[in-house]
Number of protein chains: 2
Amino acid sequence: MALSQQKSEKTQQNLFLENELTPQYAVANDVMQLFAPSNSLVCTEAKMTIETDVLIDNFLNAINTNSDIEFNSLIETFADSQVPVNPADFDTYLEYLANNVINHSIHTSSPRFIGHMTSALPCFVRPLAKLMTAMNQNVVKIETAKAFSPYERQALAMIHRLIYNFSDKFYSEHVQNSQSTLGILVSGGTAANIIALWCARNKSLGANNSFPGVEKAGLPAALDYYGYQGAVIIGSELMHFSFEKAADLLGIGTHSLIKIPTNGNNQVDLVALRQAVADCQSKNLHIIAIAGVAGTTDSGNIDSLSDIADIAQAANVHFHVDAAWGGPLIFSEQHRQKLAGIERADSVTIDGHKQLYLPMGIGMVFMREPHLAASIEKNASYTMRKGSFDLGKRALEGSRPGMALFLHAGLHLIGLKGYEFLIDAGIEKTRYMAARINAMPEFELLSEPDINLLLYRYIPQTLRDVVVKKQLTESQNQEINLFNERLQKSQRQAGRSFISRTIKRISCFEKEISVTALRAVIANPLTTKEDIDAVLNDQIQIALDLEV
Amino acid sequence: MALSQQKSEKTQQNLFLENELTPQYAVANDVMQLFAPSNSLVCTEAKMTIETDVLIDNFLNAINTNSDIEFNSLIETFADSQVPVNPADFDTYLEYLANNVINHSIHTSSPRFIGHMTSALPCFVRPLAKLMTAMNQNVVKIETAKAFSPYERQALAMIHRLIYNFSDKFYSEHVQNSQSTLGILVSGGTAANIIALWCARNKSLGANNSFPGVEKAGLPAALDYYGYQGAVIIGSELMHFSFEKAADLLGIGTHSLIKIPTNGNNQVDLVALRQAVADCQSKNLHIIAIAGVAGTTDSGNIDSLSDIADIAQAANVHFHVDAAWGGPLIFSEQHRQKLAGIERADSVTIDGHKQLYLPMGIGMVFMREPHLAASIEKNASYTMRKGSFDLGKRALEGSRPGMALFLHAGLHLIGLKGYEFLIDAGIEKTRYMAARINAMPEFELLSEPDINLLLYRYIPQTLRDVVVKKQLTESQNQEINLFNERLQKSQRQAGRSFISRTIKRISCFEKEISVTALRAVIANPLTTKEDIDAVLNDQIQIALDLEV
């Protein structure tokens, strides 16, 4: 960058002197100092950076998963609701942050935090986070994100290609064609699922002759015009709860989200799915979409996507795959066949902040047909002009940050082979954990893992015999449930290691019973087999204390 | 943090050795190196940080607004759609970034980038961006964001209090009460507006006797049950285009977004608004909400919120205020009366990434009634358990980052008085710019600024006389329009300064004519009066070249 383009230090000083308002505002100089162009070697910002980095290092190196402060006493420190009148200095605020917030936050990067889909991140995301914030691009339009718009499109196209593997010709035609949308970057998988179903609704109830389509005329008029009795979305009972949000938002109502039972392997029951489709057709209900799950939130299982694709195709219905968790299996030669059929999906959700090891806030939805997203396009005269390259015109969100930086960087700095290694390693370690659980009398494995999530439970000593003999009564099962809930809460409170819990419904003697399950998510590359043993041993120790 | 909680460097080495998969994967060691716990003094990350900081400094110190590369040649560099097979090293990637992305990004912090709502940020956001990403909290639930949940609630309560100013008792009851929702942090103002209208729809068409409400039964059934012919949202014709998205998503259709004409000051015409409400009532159309705009996107004007509150109250309709831009005027003693009536709104949208000077990705919606958001609550067994403190249960989004860090820090490090200064200074500088434009024969001011947005246009030399004499014909007006479009594009392409453009519809001889306007947004604290003069002079220079 030419020197002539830089403000000299002298000119920077003048910025403050020039400001004629300064004398009236006691805080003016302090505030202007905060906005002074950066010079990382000498200014305030350098000091802030050094102090913050110390806290970051401590935080990242922690093995414990969290402090043992009681939540009720923690919330008391955040009771004040008055905006401070005068600006605090950074040191004071950082000390406050360290003591009250950072100390009591969750060490999501701890190798023993293996209970949720949040994990350690590669180190490059930290300097890049600062770069992204410094650049403060707004990807809603090219006038606030010139290079970032095509850069984001490229990163999305790369994943689109992994999923759909269309021809070179297809990609050269669509990657940077403003009329085409191969994918949309959003804040998370929930927004991605909502957008996919929004497109499906608008496309399938679109404009026709004089009818302007559901987008303009609304759902009641659209159902009326097309002669439907109602509209539904169909998928597994284990669909993520974002589908409830979508059904509510889109106006069909959550009762029109038809949840199909699953088999013993947590996959949607295909016979029941076919039956539901036929039922809807006979009742003249419009099926907006059939959803497949590629990685259930509870246990990571993947629906039989090819079979669902067949059913959707036969019914001529939009096929959406929620691969928020499982999508990155596509990087693995060994495991990608578990996703077979995903290439037939009309839309696919994948989260970057899950198994692409990128910071929170990166959801993606991909479209097989590059013009599907035209069904949700909106324009405005001050921006998003029709025909423009502006990414905001086909999106749920408006202004949004340049999160594509992380995605593009991840694809390049970890690469296809790097992601393959991460996926394979996670699944391998999960198998290790499953084997350990099977070998330990204290635990019962609740289902064989498909990928890298695992459901199991602790069996109190006095009940181990009946469990082995499969003679557990309902009340004994309930006793085990309560024990596992206490165990999980105690483990969380102690903060040395972390496993989450969920409720699994199991059919038993023609009855549905609830099983409280411990849920492991093995996604942290730093988690070793030794850490897995340590987490299980921690649970045994806590359980022994509880059993006394 | 106790040393015993830290992994020693030796143990870190073991992490890699222990991994039995390593030999099968050529890239395993490289990838594991990226995940090695941070040690900012000696490791890879320190080098990455130093190199990235150089780019950041250059970027932040630029005066020019952007490079002059042609967009069509820029997009060619982002044509490839294959994920790289092997990981690139950071230096190579950073060099690529610098040359292809950073060099051709928009200097949103440039004091001469005064055409969009994106501006320079205070320096503390940069170290905090790194901290936030390092902590990688997921605010969807307390198990992945222990302290961050009450911390976020506190920051939102502070702004709620500025808006509504309820009693101490109210705030001590609701700030940290998991049953109450004073505000929701989202990715941006669009999501905030959508949530507000979603709540309004669900509350007003809620459960009643045996009817389960629109949330569960859907919009057609709800309209049927309540006996309405349809449902609408009413607001100014200058509402943000996120209202179109909301009307589409929520199933009422964009034709049911009723747009009321505005007066000469770009405020909703109250007579027409009252008439529209009466018309809807007489047609038996359910009014989901009446929306007021506090800072139109085009010109920053603020509707008469008190009057709209009266109309909404009389009609017993939800009153939403989109204060995404103008909301922070509440920090200013001098200007907050422009928002009078906002305290009567049922919901209010404010963007943190606009006039709170925080990074992109911070939208907020506030609710007057702490239980309004219960109308959109969703639960799930693996998380978001009913009665829990989890913030994700009443939200559009699921997983999301700890953006509250910026908001809470801004409120403390800039403070009430700091924000007041920033708001007042921006408006003061805008008045200066308006005065300059009025004094210069080259320009015509299109309307007096309400706050810190300004619409004006350049008048080519040959037409100045007729403009002054108000004898402009329609074809001459069209000529001026085309000229201003060319001027704005040339200025943007040259990249020395930036002003956006929009189209303003003006009633003239009982006819609607379109005026292409140049649009200034004076929000950058670094913008001096000298910069404003420089931007106007740059436009005159460009115009003279175009006029030849």
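So that the names make sense, note that chain A is the first sequence line, chain B the second, and so on, each numbered from 1.
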query: Who among A:Leu55, A:Asp80, A:Leu162 has the most heavy-atom pairs with chain B under 4.5 Å?
result: A:Asp80
query: Could you state the interatomic distance from CE (A:Met48) to CG (B:Leu128), rounded to the nearest 0.5 Å?
result: 8.0 Å
query: Where does A:Val214 contact chain B at under 4.5 Å (heavy atoms): side chain, backbone, both or neither?
result: backbone
query: Is the side chain of B:Glu397 donor-acceptor paired with the backbone N or O of A:Thr190 at a distance under 3.5 Å, no angle test?
result: no
query: Any side-chain heavy atom of B:Asn138 within less than 4.5 Å of one from A:His353?
result: no
statement: Looking only at A:Pro220, A:Gly115, A:Pro122, the option with the highest number of non-hydrogen pairs under 4.5 Å against chain B is A:Pro122
query: Which one, A:Pro401, A:Ala231, A:Gly415, A:Ala129, leads in non-hydrogen pairs under 4.5 Å with chain B?
result: A:Pro401
query: Among B:Ala157, B:Ala134, B:Gly402, which has the most heavy-atom pairs under 4.5 Å with chain A?
result: B:Ala134
field: Approximate separation, where rounding is to 0.5 Å, of A:Ser256 OG and B:Lys216 NZ
entry: 13.0 Å
query: Just by distance, do the side chain of A:Gln176 and the backbone of B:Glu76 share a donor-acceptor pair under 3.5 Å?
result: no
Main-chain N/O of B:Met360 paired with A:Asn136 side-chain donor or acceptor, under 3.5 Å: yes
task: Would you mind checking which part of A:Asn202 comes under 4.5 Å of any heavy atom in chain B, side chain (CB onward), backbone (N, CA, C, O), both or neither?
output: side chain
- request: Find out whether A:Thr108 and B:Met135 are in side-chain contact, i.e. whether some heavy atom of one side chain is under 4.5 Å from a heavy atom of the other.
  value: no
query: Top residue by heavy-atom pair count (under 4.5 Å) with chain B, among A:Thr133, A:Val83, A:Leu219?
result: A:Val83
- request: Report the option among B:Asp351, B:Thr118, B:Val125, B:Val101 that has the most heavy-atom pairs separated by less than 4.5 Å from atoms of chain A.
  value: B:Val101
- prompt: What's the spacing between A:His412 NE2 and B:Asn86 CG if we round to 0.5 Å?
  reply: 12.5 Å
side-chain hydrogen bond (donor to acceptor under 3.5 Å, both in side chains) partner of A:Lys130, chosen from B:Thr49, B:Thr52, B:Asp53: B:Asp53
field: chain B contact via A:Ala79 - which portion, at a heavy-atom distance below 4.5 Å
entry: backbone
- prompt: So how far is it from B:Asp30 CG to A:Phe421 CZ, rounded to the nearest 0.5 Å?
  reply: 10.5 Å
field: Spatial distance of atom CG (B:Leu249) from atom CG (A:Leu396) [nearest 0.5 Å]
entry: 5.5 Å
Interatomic distance, A:Glu215 atom CD to B:His255 atom NE2 [nearest 0.5 angstrom]: 8.5 Å
Residue among B:Gly218, B:Gly398, B:Pro87, B:Pro212 with most heavy-atom pairs under 4.5 Å to chain A: B:Pro87
- request: Apply the test side chain to side chain contact (heavy atoms under 4.5 Å, CB included) to residues A:Phe90 and B:Leu413: give CA-CA distance (whole Å), side-chain angles for both, the deciding distance (0.1 Å), then the verdict.
  value: CA-CA 7 Å; A:Phe90 188 78; B:Leu413 295 172; 3.8 Å; yes
message: Between A:Ile102 and chain B, with a heavy-atom cut-off of 4.5 Å, which part of the residue counts as in contact: side chain, backbone, both or neither?
response: both
- prompt: Considering only heavy atoms from C-beta outward, does the side chain of B:Tyr151 approach that of A:His104 to under 4.5 Å?
  reply: no
message: Heavy-atom cut-off 4.5 Å, strictly under: side chain, backbone, both or neither for A:Ala409 against chain B?
response: both
query: Heavy-atom distance under 4.5 Å to chain B: side chain of A:Ile142, backbone, both or neither?
result: both
message: If you count heavy-atom pairs within less than 4.5 Å of chain A, which of B:Gly251, B:Gly418, B:Ala120 leads?
response: B:Gly251
query: Does the side chain of A:Leu97 come within less than 4.5 Å of B:Leu131's, by heavy atoms?
result: yes
- prompt: Between B:Arg153 and A:Ile75, is any pair of side-chain heavy atoms under 4.5 Å apart?
  reply: no
field: Winner by heavy-atom pair count (cut-off under 4.5 Å) against chain B, out of A:Gly188, A:Ser187, A:Pro359, A:Ser172
entry: A:Ser187
- prompt: Less than 4.5 Å apart, any side-chain heavy atom of B:Ile106 and any of A:Glu143?
  reply: no
message: A side-chain contact here means heavy atoms from C-beta on lying under 4.5 Å apart; do A:Tyr357 and B:Phe35 qualify?
response: yes
field: A:Asn66, part contacting chain B, at a heavy-atom distance under 4.5 Å
entry: side chain
message: What part of A:Ala88 gets within 4.5 angstrom of chain B, counting heavy atoms only: side chain, backbone, both, or neither?
response: both
- request: Pick one of side chain, backbone, both or neither for A:Leu223, based on which atoms fall under 4.5 Å of a heavy atom in chain B.
  value: side chain
- line: Residue from A:Ser105, A:Gly361, A:Gly230 scoring the most non-hydrogen pairs under 4.5 Å with chain B is A:Ser105
field: Contact class of A:Ser109 relative to chain B, heavy atoms under 4.5 angstrom
entry: neither
message: Please classify the contact between A:Leu74 and chain B as side chain, backbone, both or neither, with a heavy-atom cut-off of under 4.5 Å.
response: side chain
- prompt: Nearest heavy-atom pair of A:Lys245 and B:Trp198: which atoms, and what distance?
  reply: O-CZ2, 4.1 Å
- request: Report yes if the side chains of B:Lys146 and A:Phe71 come closer than 4.5 Å at any heavy-atom pair, otherwise no.
  value: yes
task: Would you please test A:Ser81 and B:His160 for side chain to side chain contact (heavy atoms under 4.5 Å, CB included) and show each step?
output: CA-CA 9 Å; A:Ser81 59; B:His160 187 281; over 6 Å; no
Which of B:Leu121, B:Val27, B:Val175, B:Ile252 touches chain A most, by non-hydrogen pairs under 4.5 Å: B:Leu121
